[in-house]
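Inspection log for the structure reproduced underneath, given as structure tokens.
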Amino acid sequence: RQVFFLLDDERTRASQRIIQLRQGLDNSFPVGTRDESETTGVFQLGQSGWWYYSFELLGAPGAARLRLESFLSTARA
């Protein structure tokens, strides 16, 4: 039971490094979120470091945190 952090762009595909990080599901709490700009935020799962995301994908930081926590809790069940 692991969480994979993927970055799919031309450079990571060319170097075959789409998987940037993986960590145990149980090490993915707490979830942290904050906004970075008007359209992007960052999230952190446990000690993963901060990862950029689009508000179009997960919503503003409060909504993103709830969605990520729900997803991770469902995966743990």
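The structure presented is a predicted model; accordingly, all values stated were derived computationally and were not measured. Nothing fancy with the numbering, it's 1 onward along the sequence.
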Can you tell me if L6 has over 12 outside heavy atoms packed within less than 6.0 Å of its CG?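 It does: L6 CG has more than 12 such atoms within range.
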Is it the case that atom CZ in R13 sees more than 12 heavy atoms from other parts of the structure closer than 6.0 Å?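 Enclosed: over 12 neighbouring heavy atoms sit under 6.0 Å from CZ of R13.
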Nearest atoms (heavy-atom pairs only) where [X] meets [Y]:
{"X": "F29", "Y": "R76", "answer": "CE1-NH1, 2.9 Å"}
{"X": "V3", "Y": "S28", "answer": "CG2-OG, 3.4 Å"}
{"X": "A64", "Y": "Y53", "answer": "CB-OH, 3.3 Å"}
{"X": "Q44", "Y": "G49", "answer": "CG-O, 3.4 Å"}
{"X": "E36", "Y": "V42", "answer": "CG-CG1, 3.4 Å"}

For residues [X] and [Y]: do they belong to one hydrophobic cluster (side chain heavy atoms under 4.5 Å, members Ile, Leu, Val, Met, Phe, Trp, Tyr)?
{"X": "L7", "Y": "Y52", "result": "no"}
{"X": "L68", "Y": "F4", "result": "no"}
{"X": "L21", "Y": "L25", "result": "yes"}

Keeping [X] on the side-chain end and [Y] on the backbone end, is there a donor-acceptor pair under 3.5 Å?
{"X": "Q23", "Y": "G46", "result": "no"}
{"X": "S70", "Y": "L66", "result": "no"}
{"X": "T12", "Y": "D9", "result": "yes"}

Interatomic spacing from [atom1] in [X] to [atom2] in [Y] - rounded to 0.5 Å:
{"X": "T33", "Y": "F43", "atom1": "OG1", "atom2": "CZ", "result": "10.5 Å"}
{"X": "R67", "Y": "L72", "atom1": "CZ", "atom2": "CG", "result": "14.0 Å"}
{"X": "D8", "Y": "I18", "atom1": "CG", "atom2": "CD1", "result": "4.5 Å"}

For R22, give me all partners under salt bridge (Lys or Arg N to Asp or Glu O under 4.0 Å), at least two apart in sequence or on another chain.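 By the salt bridge (Lys or Arg N to Asp or Glu O under 4.0 Å) rule, R22 matches no residue at all.
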Between R1 and D26, is the closest basic N to carboxylate O distance under 4.0 Å?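 Salt bridge between D26 and R1, a charged N being under 4.0 Å from a carboxylate O: no.
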Tell me the salt bridge (charged side-chain N to carboxylate O under 4.0 Å, His left out) pairs involving residues 45-66, sequence neighbours left out?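 Qualifying pairs: R65-E69.
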Ring pair (Phe, Tyr, Trp, His ring centres under 6.0 Å) against F5, all qualifying residues, sequence neighbours excluded: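 F5 satisfies ring pair (Phe, Tyr, Trp, His ring centres under 6.0 Å) with W51 once adjacent residues are dropped.
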